[in-house]
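This report refers to the structure that appears directly beneath it.
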Amino acid sequence: MTSMHRGGIAVVGAAETTGIGVRPEMSVLGLHAEAARNALADAGLTTADVDGVATAGPLAMEVSHHLGIEPRWLDGTLVGGCSFMLHVRHAAAAIAAGAADVVLVTHGESGRSRVGVAPWAPNPASASGQFETVYGAQAPYSTFTLPALRFLHERGMTREHLAQVVVAQRSWALNNPRAFRRKPVTVEEVLAGPPIAYPFTRDMCCVVTDGGGALVLTSAERAKDLPSGDRAVYLLGSGEAAEGPLVSQMADPGSFAAFRKAGAEAFRTAGITHADVDHLMAYDAFAHVPLYMLEDLGFVGRGESGDFVAEGNTVKGGSLPMNTNGGGLSYTHTGMYGMFAIQEAVRQLRGEAVEQVQDVDVSFVQGVGMFFAAAGSLVLSRHRG
Amino acid sequence: MPGPAPAPIPETLPFWEGAADKELRIQRCTPCSRHYFYPRPFCPRCGSEEVEWTTVSGDARLVSYIINYRPFPPFDPATPVVVALVELAEGPRMMTNIVGVAPEPENLELDMPLKAEFIEYEDYTLPVFAPAVAR
Ligand SMILES: [Zn+2]
């Protein structure tokens, strides 16, 4: 009997789009397809092997039909940028239950070039349309950012701590040819950058890019027989949770309940402790988000996240290398970044990352969706547990 | 310059009608003896339908904020907007704008007391907040 967690399910294919960052020649669906075909090639499989498809953005059957797949299992869970963490979790459950054998999870977005993208049209009758958008919370930078000053204030932290996150993550991107922002920066330069939404300056906000990524999952049993089997990455644990679609209605603006719940479930299902984690991907749409995650996931105590980053714990040689692709702040951010966080975790576990950390056995991947609305957590390992 | 107009639905209409009367109207659950927001015909805490619309004081405190330097139309893109999270004296929190002060951090001290005001636009009236003590 295949188990959903503890190594029963493997990621056997993982790839991003061939080009990333600026792709004016490629539509959203085209980015999904390119990523999917790259990931299947990586796995040594073809579309004929795939019987399950999960995606967010386009409908799952748009992606499956476009690729020529006849799925017997579909998942269109859309909870924002962490949708793909949930897809991996749902796919693992489906494979363990026998509802699918090989699942393809795809992402693609033309966030920068907006090729084939429907115009942005908020619903003025939705709860957020009536009670948030009317006040100027129109974009991620004017919505997701809203609780940050409270978080800092309650902890005696400052904007310098936000800037330290940017500097730390940029250090990982300097030598990465696929990263969108690659110039070294200082705390002073970050703080003096163009103001976007006080307390956030430009570099505290994610880049805006085109790109995609895809994953192929199957049972660990089947993974053994694949050409990619020795590069398989195993799912040890996972979690998902949601609070609500209104950032103004967070139960506690200084802590996100869904990080706490999803993270705790991932640790519990994986049967690991924080000390077992060698590498952390902490979805960073904005500089405050990894600080919330470090505290809400329990990697540091309350109020310790800022100094933890500022003291170098998350950069090369640190105790907890974090966002080693440069993150959403430096590497790429198409709109729903979660897929790229998973991709970097897989690369690190396979030993194939640009900035490879030595001896990564366990990577914790924490996603966030639709501002502080939803969360998804994955514990991945190069060993079956 | 107003932002995008809200489109009230039956469940929220009393809030917007209250705003037009320059009153902040939110719901209160009788069994919980608690106010809640945003409007729903049942209490999100206990599920009771024994809820009533009440006019609240308009007193609040500043919980958090951002200064949006890049608002989209129909806002004037050149005028920064203070997007704030406030906690009403009655308990619930809501998003709002802070008016009556220049949009500068030195005018926006967290936890400072606020008072509701109402801005009339052509099609609707928007509840906003200003410092309770002139700064
Ligand atoms: Zn109640």
Side-chain angles (χ1 to χ4, degrees), chain A residues 119-159 162 193-202 204-205 243-254 286 288 371-372, chain B residues 1-13 15-16 19 26 36-40 44 62-77 79-87 92-99 103-105 108-111 119 121 124 126-129:
Chain A
W120 181 72
N123 178 0
S126 68
S128 58
Q130 289 185 69
F131 301 112
E132 293 194 337
T133 318
V134 293
Y135 294 113
Q138 299 165 293
Y141 59 76
S142 53
T143 307
F144 205 167
T145 52
L146 181 60
L149 276 183
R150 190 77 213 171
F151 175 93
L152 298 175
H153 177 77
E154 285 175 351
R155 288 158 175 78
M157 288 163 58
T158 66
R159 294 176 76 218
L162 299 178
I196 305 294
Y198 179 88
F200 290 80
T201 57
R202 186 194 59 200
M204 297 175 190
C205 306
E243 211 177 312
L246 301 186
V247 72
S248 61
Q249 300 305 314
M250 288 175 81
D252 176 358
F286 295 90
H288 63 315
F371 318 143
F372 284 110
Chain B
M1 184 96 69
I9 56 177
E11 295 91 325
T12 64
L13 195 56
F15 175 88
W16 293 108
I26 66 171
Y36 66 89
F37 185 78
Y38 56 96
R40 275 157 278 188
L62 182 59
V63 173
S64 199
Y65 71 92
I66 58 108
I67 303 172
N68 183 1
Y69 296 107
R70 300 191 178 188
F72 300 157
F75 283 106
D76 171 13
T79 304
V81 178
V82 179
V83 181
L85 180 62
V86 302
E87 186 172 286
R93 286 191 289 262
M94 60 186 291
M95 197 181 280
T96 192
N97 295 134
I98 304 299
V99 302
E104 304 290 345
L108 299 161
E109 195 181 327
L110 294 194
D111 298 319
I119 303 180
Y121 296 118
Y124 66 105
L126 189 68
V128 296
F129 285 80

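In what follows, every chain begins at residue 1, and chains take the letters A, B, ... in the order their sequences are listed.
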In terms of ring plane angle, is the pair B/Phe15 and B/Phe37 parallel, tilted or perpendicular, where the classes change at 30° and 60°? tilted

Heavy-atom distance under 4.5 Å to chain A: side chain of B/Val63, backbone, both or neither? both

Closest-packed option against chain B by number of heavy-atom pairs under 4.5 Å, given A/Pro195, A/Pro122, A/Ala139: A/Pro195

Would you tabulate the side-chain donor-acceptor contacts of residues 247-254 of chain A under 3.5 Å, counting partners in other chains and residues two or more places apart, or write 'none'?
{"unit_1": "A/Ser248", "atom_1": "OG", "unit_2": "A/Glu132", "atom_2": "OE2", "d": "2.7"}
{"unit_1": "A/Gln249", "atom_1": "NE2", "unit_2": "B/Arg93", "atom_2": "O", "d": "2.8"}
{"unit_1": "A/Asp252", "atom_1": "OD1", "unit_2": "A/Gly254", "atom_2": "N", "d": "2.8"}

Flag this pair as yes if the NZ/CZ of B/Arg40 is under 6.0 angstrom from the six-membered ring centre of B/Tyr36 and inside a 45 degree cone about the axis; otherwise no. no

For A/Ala127, is it the side chain, the backbone, both or neither that has a heavy atom under 4.5 Å from a heavy atom of chain B? side chain

Results of side chain to side chain contact (heavy atoms under 4.5 Å, CB included) for A/Ala148 - residues two or more places apart only: A/Phe200, A/His288

Do B/Leu62 and B/Leu85 have side-chain heavy atoms sitting under 4.5 Å apart? no

With a 4.5 angstrom heavy-atom cut-off, which part of A/Leu246 approaches chain B: side chain, backbone, both or neither? side chain

Is B/Pro92 close to chain A through its backbone or its side chain, or both, or neither, when contacts mean heavy atoms under 4.5 Å? neither

